[in-house]
Amino acid sequence: MSSSMQQERGLLLLSTVSSFTFAILGIVLGSLVGSLVIIFDGAYSLVSLALTMLSLGAAHYLHKPEINKDSSQVAMIAPAVIAIKGSVIALMCIWSFYSAVEAVLAGGRDINAGVALAFGMISVVGCYGTYRYIKAKSKNISSALADAEAKQWVMDTVISASVLMGFVVAKILMMTQYAHLAVYADPTMVILASIYFIIVPVKMVRQAASELMDIYSHSGLVHAQNIK
């Protein structure tokens with residue numbers, strides 16, 4: 001196995017471990033403190049974990065020595081995986097938006113802001129650190145899969161920053177005459193994050209679909225020329 005292949009696999013494995021850690025931490029802690037946005041953060045990490053495992057499977061297949069790297073079918077694998085990743089993330093954003101709107105209409109959500117603030121800070125540092133490492137290392141290997149992982153961690157970092165910001169706002173509101181509005185901080189952050197984040201996966205899907213169409217068109221042209 002070449003050095004670039006080993007690096008790509010190592011980055012995907014790192015992303016897998018990080019996603020699993022933040023998924024468990026977010027879902028468990030979010031359920032304990034009653035925070036929709038922490039659960040959203042954990043659910044995103046869980047989705048990222050499943051998608052990273054998909055990338056690992058694709059990378060393992062693509063690096064098999066018996067695979068013809070020049071065939072159009074093989075060339076379609078990476079963009080197809082990226083298209084699937086983007087589609088799943090977009091669907092999760094839509095689901096989260098709907099759940100948050102329901103929470104607002106139901107009167108908001110009470111949360112333990114102190115515990116939530118601690119989670120937010122740990123999550124921001126951890127997610128950003130993972131993103132920076134993957135981004136820096138992937139520059140040397142020219143891997144579309146590793147680049148897609150970096151984009152996922154950008155989103156997770158901003159989600160975590162939104163979580164932290166929401167809890168800071170909630171904590172401040174609790175100390176003012178507007179304390180009754182603090183219950184809306186949590187679902188509002190999910191709504192804003194969902195609207196913002198859906199842009200990234202839509203771009204991922206659009207770019208991957210364009211690549212797939214180019215590969216398909218090129219393979220069709222080559223096939224037609226061979227027939228002639």
Looking at [atom1] of [X] and [atom2] of [Y], how far apart are the two atoms once the value is rounded to the nearest 0.5 Å?
X	Y	atom1	atom2	value
L91	S87	CG	OG	7.0 Å
Q7	I134	CD	CD1	13.0 Å
K135	Y128	NZ	OH	11.5 Å
I89	I84	CD1	CD1	12.0 Å
L29	I24	CG	CD1	12.5 Å
I172	F167	CD1	CZ	14.0 Å

If I compare all heavy atoms of [X] with all of [Y], which pair ends up nearest, and what's the gap?
X	Y	result
F22	I122	CE2-O, 4.3 Å
S18	T130	OG-OG1, 3.5 Å
S194	S96	OG-CB, 3.6 Å
V104	I191	CG2-CD1, 4.0 Å
A100	P187	CB-O, 3.4 Å
Y131	A150	CD1-O, 3.4 Å

Closer than 3.5 angstrom, by distance alone: can the side chain of [X] be matched with the main-chain N or O of [Y] as a donor-acceptor pair?
X	Y	answer
T176	L173	yes
S210	R206	no
S19	S15	yes

Within one Ile-Leu-Val-Met-Phe-Trp-Tyr cluster: [X] and [Y], side-chain cutoff 4.5 Å:
X	Y	result
V158	M121	yes
W153	I199	no
I39	V124	no
F97	L105	yes
M92	L25	yes

Worksheet item: Within a strict 4.5 Å, meaning less than it, do heavy atoms of the L11 and Y133 side chains meet?
Response: yes

